[in-house]
Amino acid sequence: MTKNSTVSKVLEKEYKYGFLTQVESEKIPKGINEDIIRLISEKKQEPEFLLDFRLRAYKQWKMMDEPKWADLNYPAIDYQDIIYYSAPKGIEKKKSLDEVDPEILETFDKLGIPLNEQKRLSNVAVDAVFDSVSIATTFKEKLAEDGVIFCSISEAVEEHPDLIKKYLGKVVPINDNFFAALNSAIFSDGSFVYIPKGVKCPMELSSYFRINSGDTGQFERTLIIAEERSSVSYLEGCTAPMFDTNTLHAAVVELIALDDASIKYSTVQNWYAGDKNGVGGIYNFVTKRGQCKGKRSKISWSQVETGSSITWKYPSCILQGEDSTGEFYSVALTNNKQIADTGTKMIHIGRNTKSTIISKGISAGSSKNTYRGKVHIGSKAIGAKNYSQCDSLLIGADAEANTYPYLHSKQIKSNIEHEASTSKISEDQLFYLRSRGISNEEAISMMVSGFCRDVFNELPMEFASEADSLLGLKLEGTVG
Amino acid sequence: MNQKKIILEIKDLCGGIEGKDILNGVNLKVCEGEIHALMGRNGSGKSTLSKMIAGHPEYTITSGEIIFRDKDLTQLEPEERANIGVFLGFQYPIEIPGVKNIDFLRVAVNQRRKILAKSELDTIEFEEWIEEKLKIVKMQTDFLERGVNEGFSGGEKKRNEILQMALLEPEVSILDETDSGLDIDALRIVAAGINKLHSNERATVLITHYQRLLNEIKPDFVHIMKNGEIIKTGGKELAIELEQKGYETFQNPLNENTE
């Protein structure tokens, strides 16, 4: 018996979300050009300003090169071979739930996200996105009683154009990076959240992203605005069927927190990761950024990244308001041939801004797991503080873990602390647990769970358990 | 007097690690109610024997048998051996960072309880139940909230081993140098715990270098191991003789010429 074989048995659980829903989809022709962008905009009956936004982004994108610095090593993507818009037939315009194809409702049922009135989660409002469109948003009316707006971004464009105009592309500019520019040009749907002044959002908000088509990219756009003294917790989940081709997912998420507002954004990312040999899987190239614009505002990212063949993602905080706080809690698990290059950027601009980074990378198989993070303390950020802790856990002999922290400080009255560690699950640790009657599988789960505990403690209750089972952890009590 | 039941029997056990032979035919019979002391120099094969009994995957058995209550232990996974009542107290207990001691203990206990056909204990029941057991090793409850052996002192680690023994209620306990690295007070606590847990239905095998543990725990048999074999077996007096004369005097009567 070798360690590798027993460990990989545990990690090679079947991807249970890999099924394909048979729906008739309306797809536009492959490729990207101005006409395609106009077509998407027209389908969505968008106002002129948004078409203009898209076209400007497209112009920028054409001049940009795909980033290579992350050392991801994937074959060149043919951007003209991707379908940029795919929607189940007949729902370009969102209708009531009764009119949604039952196949699609069943899909979300199977994913554990029931949408219909009777079965839906009681304390979580869900926006369900299927390929390029939002299918349904639950609890919209109830949330509206508090003035909370929670809808698809397409609806927001239609119903709240002023907010979109004011905030879209302000945190992640259209030319921020190659994938953000691409997203800005052709984004199809996504979620929009607006929390008015002084409102504590009465329930968890959640978006669930499902890619169903094999040849379609998903390019969603999420925008969350928390007005003064408001707070919201938002959850995001993702899955896709198993295809042996690679599908591109290039999302942009923008968060804005004004004075005394707080936004907690959690992700459980479980896109299809490809097979053992690295065939297929999602390319998850995502730009997520929050702006702590107001004084004493707070943005907290927590993520559990287990899927995708390649993940390239750095949820960041711009700490502009005085006394604002940024947090990043991450667990990234890679197996087989998966690659994850993830981390955060904490940009301290205002006085007395604080940030915390806790990153846990677990690499198994012959995967590659990289933490890449930047802490920048600007010249005006007197009293700024950062604490970073980056731990890697290697399982087996062929996995790789890297840590690249970039620390810059232009302010002498500031403080940066960085700790990093790399460890392995040793044969002796396994034997110790097994000699107490705990199975191999459970022993590994237990150790992985123990390793991630600091991060799991930060996840909302509803997600802690999902994250737990996602990592194949069966142990009750170690988490949360 | 009735014939005592054999719990553990080792027959002509040979094997080692990474192709190196360490055991060269170990024979040992342990009955209910007995305490055995296994003594010998470093490298004589004591720890190897204990790891083979518990099923450490890096050790290979080339020939021989390990029988526990009529079951061939060598066919079982380490966790299966533990679940049916074989316990190994580690010489160097392993640290498992981030895993709370109490969570680990509860999972282990519930595995064993399944075999004993007892109901599983939930978090609250377990907390109540463990309190009594903590007294055996004179430990405070805060000890349960820390990571498994994480940052424990040598004495705390050994006490945690005895706590596990108390919780798992094994039928046979192999305690590998449980006395090493303990000061005299900790040694007394650990020894008192072992004595308390011993009973007429259970058996204990103490692996030790020193006589001092045997002042606290009275063995029925003392075995001397050398070059991977048990070369001499006697009563308690053998340990005293050993202490006075040293290991050098003892030779395997069967192959004295090779020494």
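Lettering follows sequence order; numbering is per chain, from 1.
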[X] [atom1] to [Y] [atom2] distance, which is reported to the nearest 0.5 Å:
X	Y	atom1	atom2	result
F104(B)	R436(A)	CZ	CZ	6.0 Å
Y92(B)	D428(A)	OH	CG	12.0 Å
I94(B)	S426(A)	CD1	OG	6.5 Å

For this session: Evaluate whether atom CG of D70(B) has more than 12 neighbouring non-hydrogen atoms of other residues, nucleotides or ligands under 6.0 angstrom away.
Result: no
Exercise. Taking atom NZ of K360(A) as the centre, does the number of heavy atoms from other residues, nucleotides or ligands within less than 6.0 Å exceed 12?
Worked result: yes
Taking all heavy atoms of [X] and all of [Y], pick out the closest pair and write down the distance.
X	Y	value
G98(B)	R453(A)	O-NH1, 3.0 Å
A82(B)	G437(A)	CB-N, 3.3 Å
V107(B)	E442(A)	CG1-OE2, 3.6 Å

For this session: Return yes if some donor-acceptor pair links the side-chain N/O of Q429(A) with the main-chain N/O of E95(B) below 3.5 Å, else return no.
Result: yes
Exercise. Which is it for N149(B) and Y432(A) under the side-chain hydrogen bond (donor to acceptor under 3.5 Å, both in side chains) test, yes or no, and what are the steps along the way?
Worked result: CA-CA 11 Å; N149(B) 295 323; Y432(A) 186 70; 3.2 Å; yes
Problem set entry | Check: F90(B) ring centre within less than 6.0 Å of F431(A) ring centre | yes
Seminar exercise, completed: Scored by heavy-atom pairs under 4.5 Å with chain A, the best of R112(B), H56(B), E80(B), Q111(B) is H56(B)
For this session: Heavy-atom pairs under 4.5 Å with chain A are the metric here; pick the option from K114(B), K51(B), R81(B), E58(B) that has the most.
Result: E58(B)
Would you mind checking which part of [X] comes under 4.5 Å of any heavy atom in chain A, side chain (CB onward), backbone (N, CA, C, O), both or neither?
X	value
L168(B)	side chain
P93(B)	both
E150(B)	neither
V109(B)	neither

Exercise. Knowing that exactly one of I425(A), L430(A), L433(A) qualifies, which makes a side-chain contact (heavy atoms from CB on, under 4.5 Å) with I96(B)?
Worked result: L433(A)
Problem set entry | Side-chain touch V99(B)/M446(A), heavy atoms, less than 4.5 angstrom | yes
